[in-house]
S.K.: 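Right, I'll just put the structure down here and ask away after.
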Number of protein chains: 2
Amino acid sequence: MTLDDVARRAGVSTATVSRVLNDAPSVRPATRSRVLKAVTDLNYLPNEHARTLAGGRSRVLGLLVSNIENPFFLDIYHALEDAARTLAHEVVVASTGYVPEHLASSIQHMRARRLAGIAVIVSEIDADLAGQLVHSGMPTVFYDAPRLDRMPPNIAADYRTGMHRCVEYLRGLGHRRLAFVGHHTSLYPLNARQAHFVEIVAKARPALEYRIETSDDSPEGGRLATRALLASGFRPTAIVCVNDFMAIGVVRELLDQGLGVPRDVSVTGFDNIGLSSYTSPRLTTLDIPRARIGTTMCDLLVPEAPGHTGRPTDIVITPELIVRESTGVARS
Amino acid sequence: MTLDDVARRAGVSTATVSRVLNDAPSVRPATRSRVLKAVTDLNYLPNEHARTLAGGRSRVLGLLVSNIENPFFLDIYHALEDAARTLAHEVVVASTGYVPEHLASSIQHMRARRLAGIAVIVSEIDADLAGQLVHSGMPTVFYDAPRLDRMPPNIAADYRTGMHRCVEYLRGLGHRRLAFVGHHTSLYPLNARQAHFVEIVAKARPALEYRIETSDDSPEGGRLATRALLASGFRPTAIVCVNDFMAIGVVRELLDQGLGVPRDVSVTGFDNIGLSSYTSPRLTTLDIPRARIGTTMCDLLVPEAPGHTGRPTDIVITPELIVRESTGVARS
DNA sequence: CCACAGGATGTAAGGGCTTACAATCGGCCT
DNA sequence: AGGCCGATTGTAAGCCCTTACATCCTGTGG
C-alpha cells in the first residue's frame, strides 16, 4: 500500500493525497473525503521513513538518560512524552547505564535518525560529546550539563542550595558524623550533588566528620555502599544519599544490621520519587519537580509548543527539603 | 553530508561507499580504508530513513507494554534491549498506560515505522488489535495474549499454577479470609491472575471468604484499594496482590492503619521485582523470570538471533513461590 | 602473449513521500 | 460573452540510500 495506490483509487494525484494527509489548506472538502475514504478502504498507513526523508523533518524527540530504572528519569520521560503527545510528537528513550560508550552510540543513533530534537539528562556527558551534539544541528536541551562556551538552553538545579538545606537540617538535629552514599559517574569529575556535599560539609563549623562511599545507581548499590561504610568502622549518625533510589537500599542494609532508622541513623534521599513515601520509614528527601523538567524540555525543543520562546532560556530549579520519617535527632 | 559527498571525496562511486558501510564482501582493502577515511573526515552519518527506505528493512524492534513504570515491564525491556544490542538492533518502547486508544495509536506508529518486529505485553489487548498486528505482516510475539486462531509465537505464564501455589501456601498458614488487590485492565474481561485467584479460592474446601478490590497499577493504587477494602468492614487475614508494584502500597496502607504485616495481615505480591526484597517487610511473591522473557522475545523476533528457531514455538513459564517476610500464620 | 574467470567497481533504477511550480478550474466582473 | 483571479489539482524533481546488472580490471592457465 503506497501513496500511489491511494491516489489511483481516489482518482487524484499523489500530491493531493499528500496534502490531505498533512492537512494542508486548499483541498476541496469533497476531494478530501474521497481521499480519506480511499485511505481507510485500503487500510493505508504512510511510510514514516519515506515521509521524513522527503520532508526533511521527523516528529520524534529523543531522550537520553543515564538510568531509566531510576524513577527519577522515568518521571521526566513521562512528562516529556505527555507534553510531546499533545503536539503530535513521539519520544524515544535511550538509557546509557552510565556507560560512555553507550552514550556515544546512542547519540549516533539519534543523529542518524534525524530526530526533531533531543533532551539530554546524563551526568556522565563530557564537553566533547555535548559539543558534538550541539554542532550536529539538532535542537538540543540539557539538564545539568557541564557548561560550554556556546550552549543551548540548559535546565539546571541548584544542587548547592539543596544540599545546603539538607546538611543544615541534619546539623540542626545534632548530627556531627555524616556519610554520603553516591553513585559512580564516569566522566563528570564528581557528581554535582556529591561535590556540593563535600564543599558544604568541609566548611561547616564546628567541624563535621564525614566519609564518602559510592556504588551503582540502584537499591542494591545503596546497600553495598552502606555495607562497605559500616565495615570500615565509621559510624555515621546520618547518611546523605545522592538519590532516593539508592536510599532505599541504604535503609534496607541499616535495618538488616540491626540499626534503627532514624533511631540510630538518619537517612536522607534526593529527588522525592513517588516510592520515597511508600518505604518504611518514609524518606526525608529533596524534591525536584520532575514533571516540570520534562514539560519544559518539550517547550524548549518543539517550536509549536505553547511555552516555546525561541530564546535559549536557562532555567534554574531549587530543590525543596521534604521532611518525613527517616530523619531524627542524632543519638547522643 | 550525504553518501555522494563521501563517494566524491574518496574518489569512488556511491555503490562502493554503500558496500563498505554495510560491510559487503568484495571491496579491496585499500578502497575500503580510503572510504572509511572519507567517512571520518567528513564526520558522515548515514541517514537511517533513507537507509531503511531503500533497503526495505529496519533494525529496530518495538516493545509495547502496559505500564513502563512497573519494574516488571522495565526489566523485560532491559533484557530485550540487551539481547537486541548484541544483534545490532535497537528497541523502542511504548507504554499504553492501559488506555486502549494509546495502544491503537502506538501500534499505528510502529507499523508506520516498518519495525523489524514487535513484542507485545499488554493485558488490555483484544483479539481485534492482536489480529490486526499479526496481519500487518510484521514479526510479532505476544506475552500472555488472548488466544487467536492463527497465532504467532506466544509466551505464556502458567498463572493458574502460580496462583494455586500462593493460595495453598496461605491456606496452609491458616488463612480463611482473603482479599485480592488487582488493577484495572480495560478489555481483557478479568485480569488472568485475578480470574485464577477467584477460581481457586471459590472451589477451596473448607470454604474461604474473599473480596476483590481494584485500582491503578501503582503503589498508590494498592494503597487506595486497601483503604477501600478496610473501609468496607471486610477484615482479611491475607491480601493477595496482582503484582509487587501494587503490593508496596498495600503494605504501606496496612501499616498506616496500625496493622502489622504479617502479624495482623499477610501480603503476597507477584513478579518478584527487585524492589520486593528491599521493602520492610520483604515481600513474599511469585517469581516470573523477566529476563528470560525478554531474551526469548528477541530470539523469536530476530532471524539472526542465536536462539531463533523459525517455528512459532509456544513457551510456558511457571511462577515459583518465594517466601519472605510479609506472610505468616493467620492471627486467630 | 591471449583468452578467461572472477573480483572490484560503476551505473542507474528505484523505494514512498513532499513540494515548488505549472496547469486548470470555477466564478466574478464589466 | 470575454477576461481576470484565486482556489484546486497535477507534474515532476528531488530526499539519500541500496542493489541488480553492466563494466572493467587483475591474475592465471595454456
Side-chain angles (χ1 to χ4, degrees), chain A residues 1-39 42-60 88 108-109 111-116 136-138, chain B residues 1-36 38-39 42-60 88 108-116 136-138:
Chain A
M1 284 305 102
T2 73
L3 240 207
D4 282 284
D5 298 315
V6 177
R8 205 168 310 125
R9 168 119 184 180
V12 298
S13 74
T14 61
T16 300
V17 177
S18 177
R19 287 194 190 97
V20 351
L21 255 29
N22 295 289
D23 32 48
S26 80
V27 172
R28 203 181 329 180
T31 313
R32 169 184 303 280
S33 58
R34 196 141 40 88
V35 170
L36 256 19
K37 176 149 193 330
V39 167
L42 264 38
N43 188 22
Y44 167 76
L45 212 52
N47 181 322
E48 273 302 315
H49 299 293
R51 222 176 217 230
T52 71
L53 178 57
R57 52 198 142 72
S58 82
R59 299 182 73 78
V60 179
Q108 295 268 312
H109 282 142
R111 290 218 292 141
R113 207 153 305 128
R114 307 299 193 259
L115 298 185
S136 76
M138 282 196 301
Chain B
M1 283 303 101
T2 73
L3 241 207
D4 282 282
D5 299 315
V6 178
R8 205 166 313 126
R9 169 121 184 180
V12 299
S13 73
T14 62
T16 299
V17 178
S18 176
R19 286 193 191 96
V20 351
L21 255 28
N22 295 289
D23 32 47
S26 81
V27 173
R28 202 185 327 182
T31 313
R32 168 183 304 280
S33 58
R34 197 143 37 89
V35 170
L36 256 20
V39 166
L42 266 37
N43 188 23
Y44 167 75
L45 211 52
N47 181 322
E48 274 301 317
H49 299 293
R51 226 176 211 229
T52 70
L53 178 58
R57 50 195 143 72
S58 82
R59 299 182 73 80
V60 179
Q108 294 268 312
H109 283 142
M110 294 190 164
R111 290 218 291 143
R113 218 175 277 141
R114 308 299 194 262
L115 298 184
S136 76
M138 282 195 301

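In the text below, chain A, chain B and the rest are named by the order of the sequence lines, each starting its count at 1.
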S.K.: Here's a test of your reading of the structure: between B/Val12 and A/Ala50, which maps to the more 5' nucleotide of DNA chain C?
M.R.: B/Val12
S.K.: Could you tell me if the side chain of B/Asp23 sits less than 4.5 Å from the side chain of B/Arg32, heavy atoms only?
M.R.: yes
S.K.: Please answer whether the main-chain N or O of B/Ala10 pairs with a side-chain N or O of B/Arg34 as donor and acceptor at a distance below 3.5 Å.
M.R.: yes
S.K.: Using a heavy-atom cut-off of under 4.0 Å over every strand shown, decide if A/Arg114 touches base, sugar-phosphate, or nothing.
M.R.: nothing
S.K.: Would you mind telling me which residue lines up with the more 5' stretch of DNA chain D, B/Arg51 or B/Arg28, judged by nearest nucleotide?
M.R.: B/Arg51
S.K.: Closest nucleotide of DNA chain D for B/Gly55 versus for A/Ala54: which of these residues is on the 5' side?
M.R.: A/Ala54
S.K.: Checking all strands, does A/Pro46 fall into the base, sugar-phosphate, or nothing category for heavy-atom contacts under 4.0 angstrom?
M.R.: sugar-phosphate
S.K.: Measure from CZ on A/Arg113 to C1' on D/dC16 and round the result to the nearest Å.
M.R.: 16 Å
S.K.: At under 4.0 Å, does any side-chain N or O of A/Thr14 touch on OP1 or OP2 of C/dC17?
M.R.: no
S.K.: Using a 4.0 Å heavy-atom cut-off across all strands, classify A/Thr16 as base, sugar-phosphate, or nothing.
M.R.: sugar-phosphate
S.K.: Quick one: A/His49 NE2 to C/dC17 P, roughly how many Å, whole number?
M.R.: 12 Å
S.K.: Between atom CE in A/Met1 and atom C1' in C/dG15, what is the gap in whole Å?
M.R.: 15 Å
S.K.: When you get a sec, tell me which of C/dG7, D/dT19, C/dC17 is the closest nucleotide to the side chain of B/Ala15?
M.R.: D/dT19
S.K.: Measuring to OP1 and OP2 of D/dG10, would you say a side-chain N or O of A/Ser13 lies under 4.0 angstrom away?
M.R.: yes
S.K.: C/dG15, OP1 or OP2 - any side-chain N/O from A/Asn47 closer than 4.0 Å?
M.R.: no
S.K.: Which nucleotide sits closest to the side chain of A/Leu3: C/dA12, C/dC17, C/dA8?
M.R.: C/dC17
S.K.: Side-chain donor or acceptor of B/Arg19 under 3.5 Å from a matching atom on the base of C/dG10?
M.R.: yes
S.K.: So, is A/Arg34 close to the D/dT9 phosphate, meaning a side-chain N or O under 4.0 Å from OP1 or OP2?
M.R.: no
S.K.: Hey, does the side chain of A/Thr31 come within less than 4.0 Å of D/dT9's phosphate (OP1/OP2), counting only N and O?
M.R.: yes
S.K.: Pick base, sugar-phosphate or nothing for A/Val27, based on heavy-atom distances below 4.0 Å to the nucleic acid.
M.R.: sugar-phosphate
S.K.: Would you mind reading off the distance between A/Arg57 atom CZ and C/dT18 atom P, rounded to a whole angstrom?
M.R.: 9 Å
